[in-house]
K.L.:
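One structure, pasted below without further comment.
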Amino acid sequence: PSPVLSGNPYPESQNKFISFPVSLFLLFHFLRLFRQELANSQQKNPEDSENKNQRVVLALYDALKSRDVETVHKILAPDLEWWFHGPPTHQFMMHLLTGSTTASSASQSSFVFVPLSITSFGPIVLAEGCDHSRQISWVHAWTVADGIITQVREYFNTSLTVTRFGKDLSGQSQRKKSPPSDFPSTAEINPVHCPSVWESSVSNRDGKSVPGLVLAL
């Protein structure tokens, strides 16, 4: 008769069988924790990102002031999207970057952009300045992506108001509390409102009337 074996005839195999699932579980657990930490580290603080974008724009103004062409080319995208609103004679930035030599280029190239205030809203950096001697006020709305400026909107002698799209929560609460009606309320017709988040101030210092525009984010 065959001998009766007591206990586990393959102790080493059993140990391996037991330890393998446990090790695999721990491996997946630590891998999941590592991925969570990596995702958290990649989610940049919005304030840090906005500060970085501001530093990019300030570096551009410094490079323009010192005529550092190499730095300007590094900061601006080669296919920079440009939008201008103001008197055609006030396209100072265009003359600085293109190096045009028109009859009035001497006075235009002498214009120095010195931002008096700078504010960020995500990738949008707003810079505002003025030249009181020429009675000129200006606002630049720069779009920064990964340290590169891809778009600029120029406003000269223009009052600018920046708004942000959002749901009208007050209107929603009013709809819940209002009694039924056969006609839609104003809140139902306009469920989205655009609160003002920034307004230019330098444009009003010269005491003259200027056109006003709205930039929606």
Side-chain angles (χ1 to χ4, degrees), residues 46 50-68 72 75-77 79-145 148-166 168 170 186 190 192-217:
E50 290 181 354
N51 292 335
K52 181 179 179 181
N53 293 338
Q54 288 186 14
R55 290 194 293 270
V56 171
V57 172
L58 290 175
L60 175 64
Y61 285 119
D62 290 339
L64 291 174
K65 185 178 180 180
S66 61
R67 299 297 193 270
D68 187 349
V72 171
I75 296 176
L76 296 179
D79 55 345
L80 178 68
E81 184 179 346
W82 203 317
W83 188 91
F84 177 85
H85 182 272
T89 57
H90 290 5
Q91 298 190 39
F92 306 108
M93 182 69 72
M94 176 71 75
H95 288 275
L96 278 175
L97 298 181
T98 60
S100 58
T101 57
T102 60
S104 59
S105 62
S107 61
Q108 292 180 340
S109 61
S110 64
F111 191 90
V112 179
F113 289 97
V114 179
L116 301 179
S117 67
I118 188 165
T119 309
S120 299
F121 296 97
I124 306 298
V125 180
L126 299 170
E128 185 178 19
C130 67
D131 187 334
H132 289 298
S133 62
R134 306 185 190 186
Q135 293 187 337
I136 294 175
S137 62
W138 55 268
V139 177
H140 287 154
W142 306 94
T143 302
V144 185
I148 301 297
I149 295 176
T150 60
Q151 183 189 72
V152 57
R153 291 176 175 266
E154 283 195 291
Y155 305 86
F156 274 79
N157 290 349
T158 303
S159 177
L160 180 66
T161 300
V162 179
T163 63
R164 188 190 296 276
F165 285 111
D168 190 352
S170 60
T186 304
N190 300 311
V192 177
H193 73 304
C194 301
S196 174
V197 295
W198 186 87
E199 293 183 4
S200 59
S201 58
V202 178
S203 58
N204 299 324
R205 295 180 183 178
D206 293 331
K208 59 182 180 181
S209 178
V210 295
L213 290 179
V214 175
L215 173 63
L217 301 180

K.L.:
Which heavy atom of L58 sits nearest to which heavy atom of P115, and what is that distance?
P.N.:
CD2-CG, 4.2 Å
K.L.:
Is T119 close to E50 at the side-chain level, that is, under 4.5 Å between some pair of heavy atoms?
P.N.:
no
K.L.:
Under the side chain to side chain contact (heavy atoms under 4.5 Å, CB included) rule, what do K52 and V144 come out as? Steps first, then yes or no, please.
P.N.:
CA-CA 9 Å; K52 181 179 179 181; V144 185; over 6 Å; no
K.L.:
Name all residues meeting the ring pair (Phe, Tyr, Trp, His ring centres under 6.0 Å) criterion together with F113; count only those two or more places apart in sequence or in a different chain, and write none if there are none.
P.N.:
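Partners of F113 under the ring pair (Phe, Tyr, Trp, His ring centres under 6.0 Å) test: F111, W138, H140.
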K.L.:
If only atom types and distance count, is the side chain of E154 paired as donor or acceptor with the main-chain N or O of Q91 below 3.5 Å?
P.N.:
no
K.L.:
Do any N or O atoms from the side chain of N53 and from the backbone of I124 form a donor-acceptor pair under 3.5 angstrom?
P.N.:
no
K.L.:
With a 4.5 Å heavy-atom cut-off, do V56 and W142 have their side chains touching?
P.N.:
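In short, these two side chains do not touch, never coming nearer than 4.5 Å.
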K.L.:
Mind checking the CG-OG1 spacing from L215 to T163? Nearest 0.5 Å is all I need.
P.N.:
7.0 Å
K.L.:
Is there a side chain to side chain contact (heavy atoms under 4.5 Å, CB included) between L80 and V152 once you walk through the steps?
P.N.:
CA-CA 8 Å; L80 178 68; V152 57; 4.1 Å; yes
K.L.:
Between E128 and L116, is there a side-chain heavy-atom distance shorter than 4.5 Å?
P.N.:
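Contact flag for L116/E128 side chains = no.
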K.L.:
Might you work through the side chain to side chain contact (heavy atoms under 4.5 Å, CB included) test for R153 and V139, ending with a clear yes or no?
P.N.:
CA-CA 8 Å; R153 291 176 175 266; V139 177; over 6 Å; no
K.L.:
Check whether any side-chain heavy atom of N157 lies under 4.5 Å from a side-chain heavy atom of S137, and answer yes or no.
P.N.:
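Touching, per the 4.5 Å side-chain cut-off.
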K.L.:
What pair of heavy atoms forms the shortest contact from I136 to F156, and how long is it?
P.N.:
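That closest heavy-atom pairing would be CG2-CD2, 3.6 Å.
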K.L.:
Quick one: closest heavy-atom pair of F84 and H90, and the distance?
P.N.:
CE1-O, 3.8 Å
K.L.:
Could you pull out the closest heavy-atom pair between V125 and S120, with the gap in Å?
P.N.:
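Minimum heavy-atom separation between V125 and S120: CG2-OG, 3.8 Å.
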K.L.:
Heavy atoms, side chains only, cut-off 4.5 Å: are T158 and V210 in contact?
P.N.:
no
K.L.:
Once you round to the nearest 0.5 Å, how far does CG of L126 lie from CD of Q54?
P.N.:
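Going from CG on L126 over to CD on Q54, the span is 9.5 Å.
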K.L.:
Working to the nearest 0.5 angstrom, can you tell me the gap between W82 CH2 and L97 CG?
P.N.:
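Rounded to the nearest 0.5 Å, the CH2-CG separation comes out at 4.5 Å.
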K.L.:
Mind checking whether F92 and D131 have side chains closer than 4.5 Å, heavy atoms only?
P.N.:
no
K.L.:
Would you name the heavy atoms of V72 and A63 that are closest together and state the gap between them?
P.N.:
CG2-CB, 3.6 Å
K.L.:
Mind checking what makes side chain to side chain contact (heavy atoms under 4.5 Å, CB included) contact with A59, not counting sequence neighbours?
P.N.:
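Residues passing side chain to side chain contact (heavy atoms under 4.5 Å, CB included) with A59: I75.
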